[in-house]
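Accompanying notes for the structure given below.
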Amino acid sequence: MAYAAFRSIGAYIPEKILTNDDLAYMVDTSDEWITKRTGIKERRIAAKEERTSDMGVNAAQVSIERSGLDKADIDMIICATISPDYFNMPSTATIIATKLGLGQITAFDISAACTGFVYIVGIAKAFIESGMKKNILIVGSEKLSAITDYTDRGTCILFGDGAGAAIISATDKKEEAIIDVNTGSDGNYADLLMTPNGGSGSAHDSLESDKVCMQMKGNETFKVAVRTLTNDVKEILEKNNMHSDDIVHFVPHQANYRIIKAVGDALKMREDQVVLTVGKYGNTSGASIPMAINDIYESGKLKKGDMLLLDAFGGGLTWGSALLPFMGE
Ligand code: COA
């Protein structure tokens with residue numbers, strides 16, 4: 001049987017920084033309020049001409065190079081994004097594949113909001129274990145600044161842009177395998193976090209309605225997030241007979257420091273186990289987890305064989321966790 005290994009990581013961090021002080025010029029807020037309620041100090045914003053696919057390409061290039069694979073070896077690409085180049089076609093994955101020169105491979109996007117990256121780890125694992133594909137490029141890329149309402153202080157303080165990518169490859173060694181991916185959803189909570197315009201469910205008569213922007217019930221989302229993230233991890237650890245102590249790096253979705261702290265405490269994670277990038281990147285949705293993994297990789301903290309626990313939640317609601325040894329060099 002083929003197993004699926006998480007073989008490399010890469011990321012792209014846009015140059016431009018948007019600080020809390022910058023935001024205080026745009027909406028009625030302050031650095032003190034944002035820092036206290038979210039832990040976010042700054043976030044990155046893509047250049048005007050920089051698209052989600054461009055950031056995805058940059059992150060992918062790094063992950064391909066670090067995997068040691070030739071581009072010709074890659075036989076599928078999946079992109080997780082809620083800010084695609086185009087709503088709804090062509091998919092951002094096809095654009096990335098072509099810009100990278102990957103040839104006519106299988107390419108598609110998925111929509112699972114901030115849980116997107118965990119979902120595509122699961123999809124890639126299934127494709128490899130079934131024997132259908134051998135080397136899959138997975139990309140989480142977001143230009144959230146394009147779908148953020150910068151007059152709404154409840155949301156615009158949270159989000160940023162960026163991309164992360166990884167290669168998932170077939171292996172015959174069980175000890176290298178992604179152990180488990182646990183995903184779920186509940187549409188009863190759809191209205192907590194959504195982009196209400198621009199689709200067939202829009203309140204407007206025409207699909208050419210208002211700008212597509214995120215809307216959120218922040219306070220309710222916060223509570224559901226803590227509960228969901230905690231339960232999700234308990235479930236995957238229990239199912240695989242593992243404990244918090246077995247995890248070297250706990251990589252939660254980077255939405256809010258207070259959410260991460262509450263979840264980390266509930267799971268009895270030590271501070272050194274919990275990966276934190278929310279302060280400098282904000283919430284980058286589908287890109288948040290791979291950007292965080294790349295951060296510990298580039299700082300030298302992430303070593304080959306380290307056990308990672310990924311944990312995400314997002315609009316939908318969706319949630320998911322993944323247990324995997326990092327197999328990059
Ligand atoms: N600056 C200053 N005041 C703000 C503000 C801002 N940026 N945003 C909201 N407020 C105000 C509200 O208007 C409200 O004022 P009022 O009491 O006079 O009505 C007050 O602060 C409290 O609002 P509330 O929404 O209850 O604050 P909160 O403590 O829940 O913090 C969030 C708001 C958005 C930071 C928080 O709810 C959050 O992070 N939620 C989770 C969001 C998330 O993770 N989403 C992504 C999911 S993937």
Side-chain angles (χ1 to χ4, degrees), residues 18-43 80-83 110-119 140-142 144-145 147-162 164 183-196 213-233 251-264 266 276-279 281-292 310-321:
L18 183 69
T19 65
N20 291 347
D21 286 336
D22 295 333
L23 281 165
Y25 281 106
M26 298 155 73
V27 287
D28 183 13
T29 191
S30 65
D31 173 45
E32 193 197 348
W33 194 96
I34 301 171
T35 307
K36 198 166 151 216
R37 305 276 177 133
T38 71
I40 301 169
K41 295 299 285 184
E42 57 189 43
R43 66 288 294 142
T81 185
I82 54 164
S83 48
I110 66 124
S111 167
C114 303
T115 318
F117 190 76
V118 175
Y119 265 64
S141 186
E142 301 284 13
L144 295 182
S145 59
I147 58 165
T148 296
D149 176 357
Y150 284 99
T151 64
D152 173 14
R153 68 178 181 174
T155 55
C156 73
I157 57 157
L158 299 172
F159 300 105
D161 300 337
T183 48
S185 73
D186 188 346
N188 285 310
Y189 294 97
D191 65 335
L192 288 190
L193 191 55
M194 66 191 308
T195 49
C213 276
M214 290 179 283
Q215 284 181 14
M216 183 182 69
K217 295 180 180 167
N219 205 275
E220 286 170 60
T221 305
F222 189 101
K223 290 173 201 154
V224 176
V226 174
R227 197 172 61 232
T228 309
L229 284 167
T230 308
N231 289 345
D232 196 29
V233 163
V251 192
H253 169 47
Q254 305 289 312
N256 179 319
Y257 173 71
R258 283 162 55 221
I259 295 177
I260 296 173
K261 175 90 174 85
V263 173
L276 269 180
T277 55
V278 67
Y281 302 145
N283 180 348
T284 57
S285 191
S288 130
I289 286 184
M291 284 168 76
L310 317 183
D311 191 20
F313 77 100
L317 277 181
T318 54
W319 59 85
S321 53

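Start at 1 and go down the list; that is how both ligands and their atoms are numbered. Note that this is a predicted model, so its numbers are computed, not measured.
Here the CD1 atom belonging to Ile289 is positioned 7.0 Å from the CG atom belonging to Asp311, to the nearest 0.5 angstrom. The OG1 atom of Thr284 sits 4.5 Å away from atom CE of Met291, with the distance rounded to the nearest 0.5 Å.
Near Asp28, meaning under 4.0 Å from one of its heavy atoms, ligand 1 places the atoms 1 (N), 2 (C). Near Ile157, meaning under 4.0 Å from any of its heavy atoms, are these atoms of ligand 1: 7 (N). Distances below 4.0 Å separate heavy atoms of Asn219 from the following atoms of ligand 1: 24 (P), 26 (O), 28 (P), 30 (O), 37 (O). Remark: ligand 1 atoms within the under-4.0 Å shell around heavy atoms of Met216 are 34 (C), 42 (C), 43 (C), 45 (N). Within ligand 1, counting atoms from 1 as listed, the ones closer than 4.0 Å to a heavy atom of Cys114 are 48 (S). For ligand 1 and Leu193, the ligand atoms under 4.0 Å from any heavy atom of the residue are 47 (C), 48 (S). Here is the list of ligand 1 atoms found below 4.0 Å of a heavy atom in His253: 48 (S). Remark: ligand 1 atoms within the under-4.0 Å shell around heavy atoms of Arg37 are 22 (C), 27 (O), 28 (P), 29 (O).
Scanning all heavy atoms of the two residues, the minimum distance from Gly314 to Leu193 falls at C-CD2, 4.4 Å. Nearest heavy-atom pair, Thr221 versus Phe313, reported as atom, atom and distance to 0.1 Å: CG2-CE1, 4.1 Å. When every heavy atom of Ile157 is checked against every heavy atom of Ile34, the shortest pair comes out as CG2-CD1, 3.5 Å.
Between the side chains of Asp21 and Thr19, no donor N or O sits under 3.5 Å from an acceptor N or O. Between the side chains of Thr35 and Asp31, at least one donor N or O sits under 3.5 Å from an acceptor N or O.
Side chain of Glu142 to main chain of Ile82: a donor-acceptor pair is present (N/O by atom type, distance under 3.5 Å, no hydrogens or angles). A side-chain donor-acceptor contact under 3.5 Å links Ser288 to the backbone of Gln254. Put simply, the side chain of Tyr119 gets close to the backbone of Gly184: a donor and an acceptor are under 3.5 Å apart. The backbone N or O of Ile40 sits less than 3.5 Å from a side-chain atom of Thr38, completing a donor-acceptor pair. Of the possible donor and acceptor atoms, one in the side chain of Asn256 sits under 3.5 Å from a partner among the backbone N and O of Arg37. Proximity of a side-chain donor or acceptor of Thr148 to a complementary backbone N or O of Cys156 within less than 3.5 Å is not detected.
Below 3.5 Å of separation, one finds an N or O of Thr29 facing an N or O of ligand 1.
Proximity of atom 23 (O) of ligand 1 to the protein is not indicated, since no non-hydrogen protein atom lies closer than 4.0 angstrom. Protein heavy atoms are absent from the 4.0 Å sphere centred on atom 20 (C) of ligand 1. When distances from atom 17 (O) of ligand 1 to the protein are checked, no heavy atom turns up under 4.0 Å. For atom 37 (O) of ligand 1, a protein non-hydrogen atom is found at a distance below 4.0 Å.
For atom 34 (C) of ligand 1, the nearest protein heavy atom (residue, atom name, distance) is Gly154 O, 3.7 Å. Of the protein's heavy atoms, Arg153 NH2, 3.8 Å lies nearest to atom 12 (C) of ligand 1. Counting only heavy atoms of the protein, atom 39 (O) of ligand 1 lies nearest to Asn256 ND2, 2.7 Å. Nearest to atom 31 (O) of ligand 1 among the protein's heavy atoms is Trp33 CH2, 3.8 Å. Counting protein heavy atoms only, atom 44 (O) of ligand 1 is closest to Ala255 CB, 3.4 Å. Ranking the protein heavy atoms by distance from atom 46 (C) of ligand 1 puts Asn283 ND2, 3.4 Å first. At the top of the distance list for atom 35 (C) of ligand 1, counting protein heavy atoms only, stands Thr38 CG2, 3.6 Å.
Salt-bridge formation is not detected for the pair Arg43/Asp161: no Lys NZ or Arg NE/NH1/NH2 atom is positioned less than 4.0 Å from an Asp or Glu carboxylate oxygen.
In the candidate list Ser285, Ser288, Gly218, Gly218 is nearest to atom 40 (N) of ligand 1, counting heavy atoms.
Residue-level proximity to ligand 1 for Thr155 is absent, since no heavy atom of it falls below 4.0 angstrom.
Under a 4.0 angstrom heavy-atom cut-off, Ile259 registers as being in contact with ligand 1.
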